[in-house]
Amino acid sequence: MRRKIVAGNWKMNKTVPEAVELARAVRDALADESTVDVVLCPPFVDLVPVHEQIKGTNIGLGAQNLFWEEKGAYTGEISAAMLLSAGCQYVIIGHSERRQYFGETDETVNKRLRRALAAGLTPIVCVGEKLEERQAGRTKEVVEGQVRGAFSGLSGEEVSRTVIAYEPVWAIGTGVNATPEQAQEVHEFLRELIGDLAGKQIAEGLRIQYGGSVTPENAGDLMSQPDVDGALVGGASLDAERFVKIVKAAAQR
Ligand code: PGA
């Protein structure tokens with residue numbers, strides 16, 4: 001049985017005081033929740049103050065990116081060691097917004113992934129097709145290329161320490177989520193692919209989250225699918241009540 005994992009990707013939202021308030025509200029509402037892995041992924045400057053609120057609880061902390069070099073003259077970048085020292089256990093890698101706006105490629109995703117794993121962070125690796133790729137019937141081909149690129153050169157043991165987030169780009173921030181059947185079809189395909197890359201046993205244990213317009217209303221149906229092991233939540237994670245409802249929906253599946 002795979003344990004569900006629900007992560008809130010706050011993106012570029014929440015000042016320090018706002019982040020503290022949101023983290024506190026989520027923490028207070030989820031004090032008794034121990035059946036789901038819950039992760040908050042605030043912007044870099046919010047990591048330490050959010051950690052202050054959630055340390056000692058079951059809620060984990062994640063960053064939204066990291067740089068692959070260890071340290072040095074890389075103005076504006078953040079290292080794995082810095083994330084660990086801020087209290088992070090997780091890091092999102094290869095989000096479609098990084099790919100779209102900041103030149104992220106499968107190759108740079110692979111470099112970040114290697115660094116995160118070497119540091120002992122759990123990477124949440126994002127893949128997903130664009131609308132025109134889905135319409136052209138290329139969804140599986142696209143996500144396969146992204147996964148093969150991201151995981152290139154990794155050992156089975158390393159693959160087993162990752163989480164994959166399937167996030168169709170057309171569903172992110174649009175209010176149009178994939179149907180549970182659409183999500184399941186791709187998740188099942190991804191699990192088979194991981195089986196090819198790392199073996200069936202690792203594939204069976206690996207968690208694959210769905211992301212893209214997840215709400216309290218659709219979360220239950222999505223996470224009821226056999227290969228959907230949780231959610232990566234953007235917009236709805238900015239509101240404590242809505243995020244907590246999504247976590248509770250995961251706890252019931
Ligand atoms: P959304 O974002 O829930 O606002 O669609 C999801 C994501 O980008 O992780």
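Counting starts at 1 for both ligands and their atoms, following the listed order. In this chain, numbering begins with 1 at the start of the sequence shown. Keep in mind that the numbers below use all heavy atoms, side chains included, and drop hydrogens, waters and symmetry copies. In this text the structure is predicted, and so the values were computed from the model without any measurement.
The aromatic rings of His187 and Tyr210 sit tilted relative to each other, their planes meeting at an angle between 30° and 60°.
Ser160 and Leu206 get closest at one heavy-atom pair: CA-CD1, 4.5 Å. Here the closest non-hydrogen pair linking Ile54 and Ile59 is CD1-O, 3.8 Å. Listed here is the closest heavy atom pair of Ser34 and Arg3: O-NH2, 2.9 Å. The two residues Ile172 and Ser96 come nearest to each other via the heavy atoms CD1-OG, 3.2 Å.
Below 3.5 Å of separation, one finds no N or O of Gly211 facing any N or O of ligand 1. Considering both main-chain and side-chain atoms, Val233 never comes within under 3.5 Å of ligand 1 through any nitrogen or oxygen pair. Looking at Lys11 next to ligand 1, an N or O pair under 3.5 Å apart turns up.
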Next item on the list: Report the C-alpha distance between Glu185 and Lys140 in whole Å, list the side-chain angles of each, state the deciding distance to 0.1 Å, and finish with yes or no for salt bridge (charged side-chain N to carboxylate O under 4.0 Å, His left out).
Entry: CA-CA 9 Å; Glu185 187 187 0; Lys140 290 179 182 171; 3.3 Å; yes
Notebook entry, point to check: Can you check salt bridge (charged side-chain N to carboxylate O under 4.0 Å, His left out) on Arg2 and Glu204, steps first, answer last?
Noted result: CA-CA 8 Å; Arg2 292 179 296 270; Glu204 282 307 314; 3.7 Å; yes
Check: Please walk me through it: do Asp106 and Arg99 pass salt bridge (charged side-chain N to carboxylate O under 4.0 Å, His left out)?
Finding: CA-CA 9 Å; Asp106 292 338; Arg99 295 178 193 257; 2.8 Å; yes
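Residue nearest to atom 1 (P) of ligand 1, selected from Ala165, Gly234, Cys41: Gly234 (by heavy-atom distance).
Of all protein heavy atoms, the one lying nearest to atom 7 (C) of ligand 1 is Glu167 OE2, 3.1 Å. The nearest heavy-atom contact from the protein to atom 4 (O) of ligand 1 is Gly235 N, 2.8 Å.
Distances below 4.0 Å separate heavy atoms of Ala171 from the following atoms of ligand 1: 5 (O). For ligand 1, the atoms closer than 4.0 angstrom to any heavy atom of His95 are 7 (C), 8 (O), 9 (O). Atoms of ligand 1 found under 4.0 Å from any heavy atom of Asn9 (numbered from 1 in listed order, with element): 9 (O). The ligand atoms of ligand 1 that sit less than 4.0 angstrom from a heavy atom of Gly173 are 1 (P), 4 (O), 5 (O).
In this structure, Ser96 falls outside the shell of residues with a heavy atom less than 4.0 angstrom from ligand 1. At a 4.0 Å cut-off, not a single heavy atom of Ala236 sits close enough to ligand 1 to count as contact. Using a non-hydrogen distance threshold of 4.0 Å, Gly212 registers as a contact of ligand 1.
Atom CD of Glu167 and atom CG of Leu232 lie 4.5 Å apart (nearest 0.5 Å).
Residue contacts with ligand 1, taken as heavy atom pairs separated by less than 4.0 Å, involve Ile172 via backbone and side-chain atoms alike.
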